[in-house]
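Read the numbers this way: they start at 1 and go in the same order the structure lists the ligands and their atoms. Computed from a predicted structure; not experimentally measured. Heavy-atom basis, side chains included; hydrogens, waters and symmetry copies ignored.
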Amino acid sequence: MPYYLRLQGPNQWPSDATCPDFRPAVETFAVEMEEEARRLTGALAEVLGDNSDVWDRFFDDPFVQMKICRYPGLESADAGVSGVGAHSDSGFLSMLVQDDAGGLQAQLPNGDWVDVPPIKHAIVVNLGEVLQVMSGGKLRATVHRVQRTQRNRISVPYFWNPRLETTLADLGVSTGDASTSSGTHGGRNEVFLEYGANAFKSLARSHPRVMDRHHPDLCVVDGRVMVANAAR
Ligand SMILES: O=C(O)CCC(=O)C(=O)O
Ligand SMILES: [Fe+2]
């Protein structure tokens with residue numbers, strides 16, 4: 001089994017006793033986000049001059065991740081080092097809802113950072129690396145980051161991706177294509193052949209302690225995740 005299939009697993013829900021409304025609310029939200037993600041996928045294909053259903057086959061069995069993040073603010077008793085460093089998301093597109101604390105920024109092509117201000121009822125859409133590849137580089141993955149905020153910040157990113165086993169060849173892209181690298185991480189961000197490997201790259205890069213604790217058999221060499229035995 002490819003190591004990246006470990007990204008799939010059961011959801012972890014708080015108990016009904018402590019949070020009875022949580023699960024149904026999140027499940028309803030996820031269904032609505034999926035509808036919107038499918039609509040956006042079609043609209044993006046049309047932007048590129050294709051039929052809106054041209055990418056549908058990659059999303060028969062999509063790989064979806066969603067998380068509810070709390071970033072302790074500087075005022076908070078548990079303020080530590082929080083925020084998210086500059087990166088692009090590894091998948092197709094990400095849609096996120098944020099509260100009114102602020103902190104999210106996107107990078108312009110000239111390198112400047114701009115705030116992505118919270119707008120009530122608006123969803124922020126970040127284009128991902130897989131979309132960059134699928135569009136032949138016409139659509140660039142959005143480089144973004146989260147700065148520390150004064151107050152606590154809550155955000156809910158929803159990541160919309162093809163199934164983990166999708167390869168660049170499935171997408172009709174050849175290796176070495178210019179769209180398969182992006183300017184993040186000092187220009188050393190390669191978009192990997194299999195989407196699952198690309199997705200795991202993000203986990204390994206952003207969450208080293210998760211890697212140490214839950215994936216001690218994996219190591220990261222030149223941004224590439226490897227099974228430790230195979231790396232030697
Ligand atoms: O919390 C946010 O607003 C963004 C988080 C993010 O960029 C990510 O998890 O990839
Ligand atoms: Fe992100």
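Put simply, no part of Arg145 is less than 4.0 Å from ligand 1, judged by heavy atoms.
Taking atom 4 (C) of ligand 1 as the reference point, the nearest protein heavy-atom neighbour is Val146 CG2, 3.7 Å. Taking atom 7 (O) of ligand 1 as the reference point, the nearest protein heavy-atom neighbour is His144 NE2, 3.0 Å. Looking from atom 5 (C) of ligand 1 to the surrounding protein, the closest heavy atom is Tyr71 OH, 3.5 Å. Looking only at heavy atoms of the protein, atom 9 (O) of ligand 1 is closest to Lys67 NZ, 2.8 Å.
Interatomic distance, CZ of Phe63 versus CZ of Arg163, reported as 12.0 Å (0.5 Å rounding).
Note: Phe92 and Phe59 meet the aromatic proximity criterion, with ring centroids under 6.0 Å apart. Aromatic pair His215/Tyr3: ring centres not closer than 6.0 Å.
Heavy-atom contacts of Phe159 reach the following atoms of ligand 1: 8 (C), 9 (O), 10 (O) (cutoff under 4.0 Å).
Side chain of Thr166 to main chain of Pro162: no donor-acceptor pair is present (N/O by atom type, distance under 3.5 Å, no hydrogens or angles).
For the 3.5 Å distance criterion, the side chains of Tyr195 and Asn161 qualify, holding a donor opposite an acceptor. Of the N and O atoms on the side chains of Trp160 and Ser94, not one donor lies less than 3.5 Å from an acceptor on the other residue. There is a side-chain donor-acceptor pair under 3.5 Å between Glu129 and Asn198.
The closest approach of Asp89 to the Fe ion (ligand 2), by N/O/S atoms, is made by OD1.
Counting heavy atoms under 4.0 Å from ligand 1, residue Asp89 touches it through the side chain alone. Proximity of Leu96 to ligand 1, defined as any heavy-atom pair under 4.0 Å, is confined to the side chain (atoms from C-beta onward).
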